[in-house]
**Q** 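Below is the structure I would like to discuss, written out as structure tokens.
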2 protein chains.
Amino acid sequence: MYQRPRPNVEDEAEDKEQRESQAPPTRPENTNLSSAKTAAKPAPGDQGVIEVQGVYIISVAARILDMHPQTLRKYEKLGLINPGRTIGMLRLYSIEDIKKVQLIRYLSDELGLNLAGVEFALAAFDNMTAIKQRMDSRLEGIPAAQQAVHEEMDLLFESLNLPHDH
Amino acid sequence: MYQRPRPNVEDEAEDKEQRESQAPPTRPENTNLSSAKTAAKPAPGDQGVIEVQGVYIISVAARILDMHPQTLRKYEKLGLINPGRTIGMLRLYSIEDIKKVQLIRYLSDELGLNLAGVEFALAAFDNMTAIKQRMDSRLEGIPAAQQAVHEEMDLLFESLNLPHDH
DNA sequence: AAAGTCTGATACGTGTTGTGTCAAGGCATG
DNA sequence: CATGCCTTGACACAACACGTATCAGACTTT
């Protein structure tokens with residue numbers, strides 16, 4: 001019933017990367033817990049290179065979202081989200097991950113989409129965002145055209161009934 | 001579970017029209033069967049104004065599509081399709097209606113979307129098509145910009161895994 | 001008049017979805 | 001090292017969605 005994820009418009013560029021999950025997660029090179037578990041403010045000695053702003057393990061993320069941890073694991077298995085990992089393979093949910101789950105819940109609960117539909121919609125958003133940027137850079141020297149494209153693409157996003165962000 | 005249809009980007013323009021079904025169908029002014037039922041080629045005396053190319057009653061449409069008539073009625077009740085009517089309120093399926101049902105079936109069977117997802121996808125296609133045209137007309141004097149927008153929007157359509165047409 | 005369609009309702013089998021639980025093992029921390 | 005939370009994988013269950021099917025009573029078409 002479930003299909004492989006749709007071809008992404010960004011594919012021609014980066015190709016060596018993680019292909020929006022679907023492949024089993026791999027152990028990261030360097031991360032450990034002990035600064036996560038609750039909102040991990042950057043350690044005083046940090047050089048600000050990694051810049052972790054808020055990272056939660058699954059139990060905390062589930063409590064924040066008021067969802068079952070198994071649901072989050074299921075979403076990840078289906079490729080809908082892609083949280084980071086500690087060296088010990090613990091899932092680490094960033095603010096963006098949390099927001100994405102909230103978007104998924106909106107699409108599912110409010111619009112009535114099933115998970116295949118959510119996958120489709122997320123891919124559509126990503127592709128629309130990418131295309132918008134591509135058009136923007138292709139119209140570099142023509143500010144009037146950039147303006148028109150911006151306005152119309154924003155209209156398009158609004159027409160898809162999104163809550164606010166993304 | 002089901003929401004009202006999303007706001008359409010074309011709304012600001014035509015507003016008196018049929019709002020993509022959802023309202024109960026009304027009796028048309030002038031149509032009768034007798035040239036439909038099988039592919040109705042235009043009668044010899046036709047002035048070519050109406051230009052009916054192929055119109056089928058529900059039983060024939062269901063046979064063509066290899067689907068149950070109840071399924072077609074259900075799609076219409078949900079606002080996914082909007083076939084014409086005879087004066088006697090018999091449904092008349094045009095070639096475009098048939099194609100739309102085939103698209104619905106593709107989205108449902110192949111991509112696994114439920115009907116809410118199909119509604120979302122169809123609305124997305126319509127809005128994308130409308131936005132593309134609006135951008136095109138706004139970029140009238142700038143062929144280079146029109147070219148870029150056309151190419152990128154076509155890319156976007158491709159990325160949504162459509163079969164071919166639409 | 002016969003055949004087919006209309007609307008509206010009800011029903012049923014199958015599949016999806018969120019949630020829940022279990023087992024066996026690994027990591028973090030006191 | 002013991003405790004607690006995490007990991008993966010599997011299985012289960014209630015509620016719901018969907019396509020199909022059927023019925024009744026009225027209307028349309030030929």
Side-chain angles (χ1 to χ4, degrees), chain A residues 1-3 23-28 31-38 40 55-63 65-78 80-81 83-93 101 104-105 107-109 111-120, chain B residues 1-3 23-28 31-38 40 55-63 65-78 80-81 83-93 101 104-105 107-109 111-120:
Chain A
M1 198 88 346
Y2 261 87
Q3 297 286 96
T26 55
R27 217 176 206 87
T31 317
N32 62 3
L33 207 45
S34 80
S35 63
K37 194 145 213 168
T38 61
V55 170
Y56 314 93
I57 62 175
I58 195 168
S59 61
V60 179
R63 204 176 330 130
L65 289 162
D66 191 31
M67 298 177 75
H68 202 281
Q70 275 301 81
T71 306
L72 296 178
R73 296 196 183 99
K74 209 169 232 181
Y75 285 176
E76 182 179 357
K77 182 168 291 188
L78 293 175
L80 299 179
I81 52 178
R85 298 280 185 156
T86 68
I87 30 176
M89 292 299 280
L90 298 201
R91 274 166 260 252
L92 290 181
Y93 292 83
V101 173
I104 292 171
R105 185 166 52 183
L107 293 171
S108 173
D109 292 357
L111 298 192
L113 306 200
N114 63 4
L115 297 187
V118 169
E119 191 185 348
F120 180 91
Chain B
M1 196 88 349
Y2 263 84
Q3 296 285 95
T26 55
R27 218 176 206 84
T31 316
N32 60 4
L33 208 44
S34 80
S35 63
K37 193 145 211 169
T38 60
V55 171
Y56 314 93
I57 62 176
I58 194 169
S59 62
V60 178
R63 204 176 332 131
L65 290 162
D66 192 29
M67 298 177 75
H68 201 280
Q70 275 303 81
T71 306
L72 296 179
R73 296 195 183 99
K74 207 170 232 177
Y75 285 176
E76 182 179 359
K77 183 169 288 185
L78 293 175
L80 299 180
I81 52 178
R85 298 279 186 156
T86 67
I87 30 176
M89 293 297 282
L90 297 202
R91 275 165 260 251
L92 288 181
Y93 292 84
V101 173
I104 292 170
R105 186 167 52 184
L107 293 171
S108 173
D109 293 356
L111 298 190
L113 307 197
N114 63 5
L115 297 187
V118 169
E119 193 185 347
F120 180 91

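Lettering follows sequence order; numbering is per chain, from 1. Only this structure's heavy atoms are used, side chains among them; waters, hydrogens and symmetry mates stay out.
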**Q** Within this structure, what is the CG-CD1 distance for the pair B/Leu92 and B/Ile57, rounded to the nearest 0.5 Å?
**A**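 Atom-to-atom, B/Leu92:CG and B/Ile57:CD1 are 8.5 Å apart.
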**Q** Check the distance between D/dC18's P and B/Leu111's CG and give it to me in whole angstrom.
**A**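 In whole Å, D/dC18 P lies 15 Å from B/Leu111 CG.
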**Q** Could you grab the distance from atom CG of A/Leu107 to atom CD of A/Glu119, nearest 0.5 Å is fine?
**A**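 It is 12.5 Å, given to the nearest 0.5 Å.
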**Q** Applying the side chain to side chain donor-acceptor pair (under 3.5 Å) test to A/Gln70, which of A/Lys74, A/Arg73, A/His68 qualifies?
**A**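 One option only clears the test, and that one is A/Arg73.
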**Q** Could you work out which one of D/dC6, D/dG19, C/dG18 sits closest to the side chain of B/Leu115?
**A**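 Selected nucleotide: D/dG19.
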**Q** For D/dT20, does either OP1 or OP2 sit under 4.0 Å from a side-chain N or O belonging to B/Thr71?
**A**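 Answer yes for this pair, as a side-chain N or O of B/Thr71 is under 4.0 Å from OP1 or OP2.
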**Q** Examine D/dT29: is either OP1 or OP2 under 4.0 Å from a nitrogen or oxygen in the side chain of B/Thr86? Give yes or no.
**A**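 Answer is yes, contact under 4.0 Å.
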**Q** Measuring from atom CG of A/Leu111 to atom CG of B/Asn114, what distance do you get when rounded to the nearest 0.5 angstrom?
**A**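 So the CG of A/Leu111 and the CG of B/Asn114 are separated by 10.5 Å.
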**Q** Which nucleotide in the list D/dT22, C/dC6, C/dG4 gets nearest to the side chain of B/His68?
**A**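 In terms of side-chain proximity for B/His68, the closest of D/dT22, C/dC6, C/dG4 is D/dT22.
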**Q** Given C/dG18, C/dC6, C/dG4, which nucleotide is nearest the side-chain atoms of B/Arg85?
**A**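 Closest of the options to the side chain of B/Arg85: C/dC6.
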**Q** Roughly how far apart are A/Leu115 CG and A/Leu80 CG, rounded to 0.5 Å?
**A**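 Here the interatomic distance stands at 6.0 Å.
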**Q** Each nucleotide N or O in nucleotides 8-11 of chain C that has a protein N or O under 3.5 Å away: list the pair and distance.
**A**
residue	atom	partner	partner atom	Å
C/dA9	N6	B/Gln70	NE2	3.2

**Q** Looking at every heavy atom in both A/Val101 and A/Met67, which two are closest together, and how far apart are they?
**A**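 Heavy atoms of A/Val101 and A/Met67 come nearest at CG1-SD, 3.5 Å.
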**Q** Is there a side-chain contact between A/Ser59 and the phosphate of D/dC6, meaning an N or O under 4.0 Å from OP1 or OP2?
**A**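 It does, given that an N or O in the side chain of A/Ser59 lies less than 4.0 Å from OP1 or OP2 of D/dC6.
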**Q** Which whole-number value in Å describes the distance from B/Leu78 CG to D/dG19 C1'?
**A**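 Between C1' of D/dG19 and CG of B/Leu78: 12 Å.
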**Q** What is the distance, rounded to the nearest whole Å, between atom CG of A/Leu92 and atom C1' of C/dC27?
**A**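 These atoms are roughly 13 Å apart.
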**Q** Provide, to the nearest angstrom, the distance between the CZ atom belonging to A/Arg73 and the C1' atom belonging to C/dT21.
**A**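 Interatomic distance, CZ of A/Arg73 to C1' of C/dT21: 12 Å.
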**Q** Check whether any side-chain N or O of B/Tyr75 sits under 4.0 Å from OP1 or OP2 of D/dC18, and answer yes or no.
**A**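 So the side-chain polar atoms of B/Tyr75 never come under 4.0 Å of the phosphate oxygens OP1 or OP2 of D/dC18.
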**Q** Tell me whether the side-chain N/O atoms of B/Ser108 come closer than 4.0 Å to OP1 or OP2 in D/dA17.
**A**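 No, B/Ser108 has no side-chain N/O under 4.0 Å of OP1/OP2 on D/dA17.
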**Q** By side-chain contact (heavy atoms from CB on, under 4.5 Å), which residues pair with A/Ala61, not counting sequence neighbours?
**A**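 side-chain contact (heavy atoms from CB on, under 4.5 Å) check on A/Ala61 returns A/Tyr56, A/Leu72, A/Tyr93, A/Ile98.
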**Q** Quick one: which of C/dG18, C/dT16, D/dC6 gets closest to the side chain of A/Asn114?
**A**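 Among the listed nucleotides, the one closest to the side chain of A/Asn114 is C/dT16.
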**Q** To the nearest Å, give me how far apart CG (B/Asp109) and C1' (C/dG15) are.
**A**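 In whole Å, C/dG15 C1' and B/Asp109 CG are 13 Å from each other.
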**Q** Rounded to the nearest Å, what distance is computed from the CG atom of residue A/Leu113 to the C1' atom of nucleotide C/dT17?
**A**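 Going from CG in A/Leu113 over to C1' in C/dT17 covers 14 Å.
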**Q** Which whole-number value in Å describes the distance from A/Leu65 CG to C/dG18 P?
**A**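 One finds 13 Å between P of C/dG18 and CG of A/Leu65, rounded.
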**Q** In this structure, how many angstroms lie between the P atom of D/dC5 and the OH atom of A/Tyr56, rounded?
**A**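 A/Tyr56 atom OH is separated from D/dC5 atom P by 20 Å.
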